Each structure stands twice: as C-alpha cells, then as structure tokens.
Amino acid sequence: MRKKQETNVTCPTCGTELAIAGKKVTIAETATASNKQAQLPKTAHERIEALRSVGVDVSCLFAMQGANGGDYVASNKNGKLSILDDNDPIFDYILEKGTVPNRRLFRRFVMAQMFHMLSYKDYGAWNPVGVTEMIHRFGFEYQWKMLLDELRAQMKMERNDPENFADRNRWFNVKVATAMAEDYIEHLKAHVDGLPVKKCKGIPYKRLGSHNIFVQDLHSKLYSPLRLAAYHIGAAKNATQLYNAVKKFNDKRFKMKHSTPQSKAWIDAYKGAGAFYTMQNLIRFHNCTAIDDNGRRLDKYQSLAFLSAKAEEYKNGNGWRLLAALKKMLDDNGIDIKKKMAQWRRK
Amino acid sequence: MDNIYQETVRAVENGARFKVDFQTRSLKVNGKYVIRDGSYEGVLGVPHCSDEEFFSKVEELYRSYKHSIPSERSESTSRRYFGALPERELSDDDMLYGERRDKSQIELELFILCQLLGGFKWNPEKFGRWFWQSQEDKDLVILRQWVEPNNNQSTI
C-alpha cells in the first residue's frame, strides 16, 4: 500500500506544527505553541474584546478573516485600512505589563499636579507649603471651573466607559456638588450681610457685583433661585442631569473673592482623586507597590486592588486619608521627589 | 526692583502674566512695564557672561523649557520665541519632575533679555549670519534679528 505523503509546516507566528496529509490536516501543538496560545486570545474577535476590556478605544478595529482562513485584527483609523500584526508592540506591552499605556486614560496630568503640590516651596522657604495650602492658592473660583470640567468628562464617559466613570464619580458626585452649592450660599449670605446698606428713595438696597437688590428682595431674588438650583443638583439622577444642574447653578451665582475658603467637601474630593490617580499611575507604570495594613508588601495587582479598596473606604469625606496613603507609598518605595527633581534638572 | 530676574520669576510662579520683547528690549509683568525700551529701575540680577557661557546657559534653560509641563494658561499665549514639546511627547519623568512651563519660559527669555541689556553682541563669523543653531538640540535657534533689531540685511 502506498503511504500518503505528509508535509510538515510550522506556523512562523505561533510555532504550531501542521502535518498536511492529502486533504486531511492534523495539528500538533508544540510546547512553545501552547504557551503562546495560553497568552494570546485565539481569535481576532477575542483580541478586540480583550483590548476593549482593558479600556482601549476599539472603535476603529474589527475582526477580519483571510480567504485562506486565519483571523486578523484590522484597523480602519482615519479611513486607512491596515492589519495589526500579532506581534504588534501594543499586544506585547499589554501582555508584559498587563496595562494599556494610554496617557489620557490614566490621567498623567493629575499625577504631575500632585507631585508639584507635594513638593512646591516658596522662595527661600525650607519646607514645602503643603497640598492644602496649594489648593487654597487656586482660589475660590477654581473649584467651580474644575467641577464643571470634571462633570462634563463624566457625562461623556457614563455610557461608554462605566469603569472609569465609577472611579471618577466616586469623588465628584451629587453629594459633593450639593455640599459645594450649600457652602456657596452660606458664603454668599455672609458676604451680602457684610455689604454696606445703600438707600434709594429711603428704601434700603445692597449692591452685589453690578446688581442692586433691595434688602427686602434678597431672599426672593438672590437666595431662593440659588436654593432651587441647589435642590436640582441634589435631585440629579445621572451624570448628564448633574452636569446641567451644576451648570445652571454656576450661571446663576456671583463670583466670590479669590481668598474665599473653598468648600471642604470639594477639597477632600480633590485630595482623594489626586491621590488615587497618582497612586494608580505609580503602581502601573513606575514599579511602585503598596504595603497593606498588616505591613505585608503587595504585588502590582494586589496593590491596585488595595488602592481600590482604600478609595472605597475613604470616598465619603476621607479623601485626605488617601493623600496620607500616597505619602506613605512614596516613602515605602523610596521616592524622594526633591531629589528626583534635582536629577531631572541635571539630566 | 532689587533683583528683576528673581522677582519676575517668582511673580510668574505665583501666576503673573508676562511678555518679553527682545527687539524693543522690554519686559511686561501683569501688564506693567518692568523694563521698557532697555531702561529699568533696580538691578537685573543676571551677571554678564562670555559668549560660550551664554550659549551653554541658554541650552540648559532651553532643555528645561522644552521638557516642561504645559498648562492651559501657558498654552494660551500666542507669542513664543521657542518651541517646547506638547504634552503627548513628554516622558513620564518630565511630567513628574519637570518645571512648570510658564516658569521655565520666563527663566529662558528673561535670561536672554538680561544678556542683551548687559551688552551681548552678535558675532556673525562665530554665530552665523542670520541665526545661531544649537549643536546639542537643533530645535534651539536664536535669530540675529532678536539681538540686532535694526539689522536690515538682504536675505539673498
């Protein structure tokens, strides 16, 4: 009997050995092949899903099947069709580090700002001025501008990116916005009470900004509309409603002096969010790890989980504790910001 | 001002707006002239240095400026003598340990202005006929026009 001729072929990408005998194809997996298979999702569709699950924008990617079989991930970015190689550096980076290097997603600016606030010293001063003082120096109006920017971003990501939305909404949410609105009304009242009373045909009035308001109308024309707007903030059911309500409140309110104390709720949320994203970046990209409450050094993924647990624990008014955790992490990982900055300048 | 350089840098660090004009030899801080047409009150605070020292210091300040961290405010200024990297091209180290862009910009531009006021002269044989380009970083260019505003040679 004539033996069927067999042809052995090795896949150049994954190392799988294919023995082709006539029309029948048998697949013999090698050790390297099985390792690789275990690491990479098998089909192009699965790869796209894996990228989506780690937060990559996959709107321009789609799975494609070749005429001779075989799956490809294709990109249609800016109208230009291209096939992504299995060994594309982005896949390798994700497999190696477990993290997508997306600078927007991981908010490098927040980390940069926190480092600046942690290390800033006044001219000739020995010690840094401190994060709280640096936040005060932003001025009263900054908190509203920042809140609106933040809520606009949340509004856009609520539907498309629920995971990141949850991380951001943990700090800046209905509760914080309501507290800020109430705090504003209190400050406004104190400010208006301190204004001199003027008279128009014997009727007392106060001049606020460029508006003259009769004292008897202060409640109906000034405080009540603001209280109503604050109520709408508290009643917001989703990020869009919250953004719109805060915007309306912001449009109605008068600007306050730069030195007016900012809302405590906002300061706390600002510290918490800043510390959270800084720690997340340090763990993901700078080889920092956390030491848990029992003094045990955690690995990268445990550290991220530890951070999430701490953020959940401190989200309601204890954001400052997360800032303390950030300082501890810098200490535990031997990061001396002052020294690093000096090194950077000498580079 | 007792020390124009240091006090201006400090003011910018604390949020002051500024404008340096090499050609008219002027510096405005928060809309007020600190140096006007080359005249000022007080001390500049930057000692005059040799040509080599000048260019080496400018290269150092430019490196710091190029890798500095931009902000909404620093990016809103339309007039800039030197180019710096956009945020997406900065490394993580730049973002963590870099200077604020406003501060490094005033440090660089005011240093050059102070040297111009201190008597820095353009040497066409050494620096080039129209511009000087750093060998260390080709993005760093100083135009002769900035140093000699009335130099009106033909471009051919």
Side-chain angles (χ1 to χ4, degrees), chain A residues 97 99 101-125 129 133-134 136-139 141-142 145-146 149 258-259 274 277-288 326 330 333 335-347, chain B residues 1-17 29-30 45 56-76 84-108 110-111 136-137:
Chain A
K97 303 260 182 187
T99 308
N102 184 332
R103 67 193 167 82
R104 291 219 177 274
L105 197 61
F106 295 109
R107 311 188 75 199
R108 287 199 310 169
F109 255 117
V110 177
M111 178 178 67
Q113 188 144 349
M114 281 310 285
F115 265 52
H116 175 66
M117 291 197 292
L118 282 166
S119 61
Y120 183 80
K121 281 192 281 189
D122 276 337
Y123 182 75
V129 296
E133 173 58 21
M134 287 298 284
H136 284 318
R137 287 185 187 184
F138 286 142
E141 290 301 317
Y142 175 80
K145 184 182 175 298
M146 185 267 160
D149 287 346
H258 185 86
S259 57
Y277 284 104
T278 306
M279 287 164 87
Q280 197 184 58
N281 266 284
L282 288 171
I283 296 168
R284 285 190 198 273
F285 304 111
H286 297 269
N287 301 324
C288 285
L326 165 64
L330 290 172
N333 289 276
I335 295 180
D336 183 342
I337 303 179
K338 219 162 64 180
K339 217 164 139 187
K340 290 266 192 185
M341 280 178 167
Q343 273 172 8
W344 182 89
R345 282 194 202 102
R346 279 200 300 273
K347 253 200 299 186
Chain B
M1 278 189 190
D2 288 342
N3 187 325
I4 291 174
Y5 188 84
Q6 275 190 3
E7 284 182 40
T8 305
V9 170
R10 220 179 305 155
V12 170
E13 223 176 347
N14 290 329
R17 291 190 169 270
V29 179
N30 278 338
S56 126
K57 182 75 179 165
V58 167
E59 279 173 339
E60 184 192 321
L61 289 171
Y62 178 70
R63 198 201 62 78
S64 175
Y65 169 65
K66 190 176 178 180
H67 294 267
S68 58
I69 309 166
S71 63
E72 209 171 290
R73 198 179 53 152
S74 75
E75 294 313 277
S76 66
L85 294 176
E87 184 263 327
R88 66 178 179 279
E89 287 176 30
L90 295 178
S91 70
D92 271 3
D93 272 3
D94 292 340
M95 291 296 286
L96 286 176
Y97 309 117
E99 295 275 12
R100 307 277 108 181
R101 186 151 293 174
D102 284 337
K103 188 191 172 200
S104 39
Q105 186 185 347
I106 188 67
E107 280 179 338
L108 171 62
L110 189 53
F111 174 78
E136 202 177 278
D137 186 337

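Only heavy atoms go into these numbers, but all of them, side chains included; no hydrogens, no water, no symmetry mates. Order of the sequence lines sets the chain letters (A, B, ...), proteins ahead of strands, with each chain counted from 1. This structure is a prediction, so every number in the text was calculated from the model and none was measured.
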Asker: Could you look at A:I335 and say if it's the side chain, the backbone, both or neither that has a heavy atom under 4.5 Å from chain B?
Answerer: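 Only the side chain of A:I335 comes within 4.5 Å of chain B.
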Asker: So which heavy atom on A:I337 is nearest to which on B:Y97, and how close?
Answerer: O-CD2, 4.2 Å
Asker: More than 12 heavy atoms of other residues, nucleotides or ligands under 6.0 Å from NZ of A:K121: yes or no?
Answerer: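 More than 12 within 6.0 Å, yes.
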Asker: Under 4.5 Å between any side-chain heavy atoms of B:E99 and A:W344, yes or no?
Answerer: yes
Asker: Once rounded to the nearest 0.5 Å, what's the spacing between atom CG of A:N281 and atom CE of B:M95?
Answerer: 9.5 Å
Asker: Is it the case that A:Y123 and B:E13 place a side-chain donor and acceptor less than 3.5 Å from each other?
Answerer: no
Asker: Please classify the contact of B:I69 with chain A as side chain, backbone, both or neither, using a heavy-atom distance under 4.5 Å.
Answerer: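 Contact with chain A: side chain only.
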Asker: Does any heavy atom of chain A fall under 4.5 Å from the side chain of B:E7, the backbone, both, or neither of them?
Answerer: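 Nothing of B:E7, per the 4.5 Å heavy-atom cut-off to chain A.
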Asker: CG/B:D92 to CG/A:L282 distance, rounded to the nearest 0.5 angstrom?
Answerer: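 With rounding to 0.5 Å, CG (B:D92) is 9.5 Å from CG (A:L282).
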Asker: Heavy-atom distance under 4.5 Å to chain A: side chain of B:D94, backbone, both or neither?
Answerer: both
Asker: If every non-hydrogen atom of A:R108 is compared with every non-hydrogen atom of B:E87, which pair is closest and at what distance?
Answerer: NH2-O, 2.9 Å
Asker: With heavy-atom distances below 4.5 Å as the criterion, would you say the side chains of B:L96 and A:K340 are in contact?
Answerer: no
